[in-house]
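One structure is given here, and the rest of the page talks about it.
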Protein chains: 2
Amino acid sequence: MELSPTAYVILGMVSREPRSGYEIKALVDNSTRFFWAASYGQIYPELKKLADAGLVEGADAPTGERKRTVYAITEAGEAALVDWLRQPPRTYEMRDEGLLKLFFAGALRREEAAEILRSMRDHHSGLGEKLRAIEPKALEKEDPYPLMVLRGGIEFNQWFAGWCERMESQLLEPAHEKRSS
Amino acid sequence: MELSPTAYVILGMVSREPRSGYEIKALVDNSTRFFWAASYGQIYPELKKLADAGLVEGADAPTGERKRTVYAITEAGEAALVDWLRQPPRTYEMRDEGLLKLFFAGALRREEAAEILRSMRDHHSGLGEKLRAIEPKALEKEDPYPLMVLRGGIEFNQWFAGWCERMESQLLEPAHEKRSS
DNA sequence: ACAGGCATGTAAATAGTTACATGATTCG
DNA sequence: CGAATCATGTAACTATTTACATGCCTGT
């Protein structure tokens, strides 16, 4: 049976220690969400599927009266996870409405086009800040890969914000030819 | 009525001159696809919706016996497009299976983790090449924005490939501490 | 008492891909 | 003639988001 990358996010999240769906969501939001997001609407049904497939196992772990199920990875699950990790990645997608608008910005005035770039810059520098705020937590862990990815995310957002800034000033420079040629 | 960004891609693509669904697909594949893709399954139904909404107008333009419909933007369509361009972008999404695998690479041997980075690097440098191959065409046009976005895409892929390379060597360096600290 | 966080889940809608069917035209 | 490309479309599926419903627990 073919699992989606989202299924492997979940599998990966429970592979270190058992977690509830709620915890998985919180973990995703604080780590993988900038390159792979997941909502409750995916997580809970997916956990059931994974349990049916024998890749995770649910156990009741209530907090007082509040019922709670934590899922642990099984041996089959670990094998499936490692097997997936060894296959070359296939999905690389981006949906960036800012770049899309910039692409069609010929229909706008120059200052309005620059405004798109400013929005994009704000977005990416904001995201960079958020990721930087997470860094100390990642630094404590012994696993170096989440930290590597996090730092990649920080660098990426900085690079992107810088590009936006450069393009913005290029656009607004008083000495403006149509093409640098 | 609220249109999806994909609807605006189509609107934007017919805004310069009338195009068939087939041509729109080809255009998207040669320009916006790296930050906003669209398939026939979206394009044809969306063209109908846009026509119903009065934002584009279809006209028969057969090639010999082969029927063909080209869609032109209407005044209402142009107004809608410009109006959308002036709103701040909202959608910034990424789905990168490579980063995801790297995130969980603690379950692999070091060389296997490096292999993920090599895959990613190949992917991004390949994409960069493809975009560079398109550049001459974009350079001919008078509209500077598609060129700006294209060059952004080239830079982005180069940056990403470079990051992968750096991380790969960091991982394989013989003088390896667990954390640089 | 009330807010906020913990916790689970689902229904409905939207988005998007893939695969297929059909047929014309063009070029070698 | 056969392959590639032009051209349109849809059905089925997969993926994903959003919004909602429900209720417990903790801290102020």
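Just so we're clear, the structure is a prediction, and the values are computed from it rather than from any experiment. Proteins come first, then strands; the chains are lettered A, B, ... in the order of their sequence lines, and each starts at number 1.
- For residues 46-82 of chain B, there are no ring pair (Phe, Tyr, Trp, His ring centres under 6.0 Å) pairs, not counting sequence neighbours.
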Check your understanding: side chain to side chain contact (heavy atoms under 4.5 Å, CB included) between Phe156(B) and Trp159(A): does it pass, once the steps are laid out?
Key -> CA-CA 8 Å; Phe156(B) 163 68; Trp159(A) 172 82; 3.4 Å; yes
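- Interatomic distance, CZ of Arg151(A) versus CD1 of Ile134(A), reported as 13.5 Å (0.5 Å rounding).
- When every heavy atom of Ala76(B) is checked against every heavy atom of Gly54(B), the shortest pair comes out as CB-O, 3.9 Å.
- Take Asp122(B) and apply the side-chain contact (heavy atoms from CB on, under 4.5 Å) test, not counting sequence neighbours, and it matches Arg118(B).
- In summary, Lys48(B) and Asp52(B) do not engage in a salt bridge, as defined by a charged side-chain N under 4.0 Å from a carboxylate O.
- Rounded to a whole Å, the NZ atom of Lys25(B) is 16 Å from the C1' atom of dT10(D).
- Listed by chain and residue number, Tyr40(A) satisfy the ring pair (Phe, Tyr, Trp, His ring centres under 6.0 Å) test with Tyr44(A) (two or more places apart in sequence, or in another chain).
- Toward the 5' end of DNA chain C, the nearer of the two residues Pro45(A) and Arg68(A), judged by each one's closest nucleotide, is Arg68(A).
- Using modelled atom types, one side-chain atom of Asn30(A) and one backbone atom of Ala26(A) make a donor-acceptor pair closer than 3.5 Å.
- The side-chain contact (heavy atoms from CB on, under 4.5 Å) test applied to Arg16(A) returns Asp143(A), not counting sequence neighbours.
- Phosphate proximity of dT8(C) to Tyr22(A): absent, as no side-chain N or O sits under 4.0 Å from OP1 or OP2.
- Per the geometry, OH belonging to Tyr44(B) stands 18 Å off P belonging to dA19(C), to the nearest Å.
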Point to revise | Protein proximity profile, nucleotides 21-26 of chain D - base contact B, sugar-phosphate-only contact S, no contact -, cut-off 4.0 Å on heavy atoms | key: --BBS-
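- Non-hydrogen atoms lying under 4.0 Å from DNA chain D are contributed by nothing in residues 84-91 of chain B.
- Evaluation of the side-chain contact (heavy atoms from CB on, under 4.5 Å) rule for Ala7(B) yields Leu3(B), Ser4(B), Glu46(B), Leu50(B) as partners, not counting sequence neighbours.
- For DNA chain D, the neighbouring residues in residues 12-21 of chain B, judged by any heavy atom under 4.0 Å, are Ser20(B), Gly21(B).
- For CD of Glu155(B), the number of neighbouring non-hydrogen atoms (other residues, nucleotides, ligands) closer than 6.0 Å is greater than 12.
- For the helix from dA1(C)-dT28(D) to dG28(C)-dC1(D), the axis fitted to the five pairs at one end and the axis fitted to the five pairs at the other end meet at an angle of 30° (nearest 10 degrees).
- In this structure, Lys48(A) reaches the sugar-phosphate backbone alone: every heavy-atom distance under 4.0 Å involves primed, P, OP1 or OP2 atoms, never a base.
- Atom CE in Met94(A) sits about 15 Å away from atom P in dG16(C), given to the nearest Å.
- Atom CD1 in Ile10(B) sits 11.5 Å away from atom CG in Leu55(B) (nearest 0.5 Å).
- Separation of atoms CG (Leu147(A)) and CD (Glu140(A)) is listed at 11.0 Å; rounding is to 0.5 Å.
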Check your understanding: Given Val149(B) and Phe35(B), is the side chain to side chain contact (heavy atoms under 4.5 Å, CB included) satisfied, shown in steps?
Key -> CA-CA 10 Å; Val149(B) 172; Phe35(B) 57 91; 3.3 Å; yes
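- For Ser20(B), the side-chain contact (heavy atoms from CB on, under 4.5 Å) partners two or more places apart in sequence, or in a different chain, are Tyr22(B), Glu23(B), Arg68(B), Val70(B).
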Expected list for residues 95-102 of chain B: side-chain donor-acceptor pairs under 3.5 angstrom, two or more places apart:
from: Arg95(B); atom 1: NH2; to: Ala37(A); atom 2: O; distance (Å): 2.7
from: Asp96(B); atom 1: OD1; to: Gly98(B); atom 2: N; distance (Å): 2.9
from: Asp96(B); atom 1: OD1; to: Leu99(B); atom 2: N; distance (Å): 2.9
from: Glu97(B); atom 1: OE1; to: Arg90(A); atom 2: N; distance (Å): 2.9
from: Glu97(B); atom 1: OE1; to: Thr91(A); atom 2: N; distance (Å): 3.0
from: Glu97(B); atom 1: OE2; to: Trp84(A); atom 2: NE1; distance (Å): 3.0
from: Lys101(B); atom 1: NZ; to: Trp84(A); atom 2: O; distance (Å): 2.8
from: Lys101(B); atom 1: NZ; to: Gln87(A); atom 2: O; distance (Å): 2.6

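- A straight line from CD of Glu23(B) to C1' of dT8(D) spans 13 Å, rounded to a whole angstrom.
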Practice item. Scan nucleotides 15-20 of chain D nucleotide by nucleotide, 5' to 3', and note B when protein non-hydrogen atoms come under 4.0 Å of the base, S if they reach only the sugar-phosphate, - if neither. Key: SSBB--
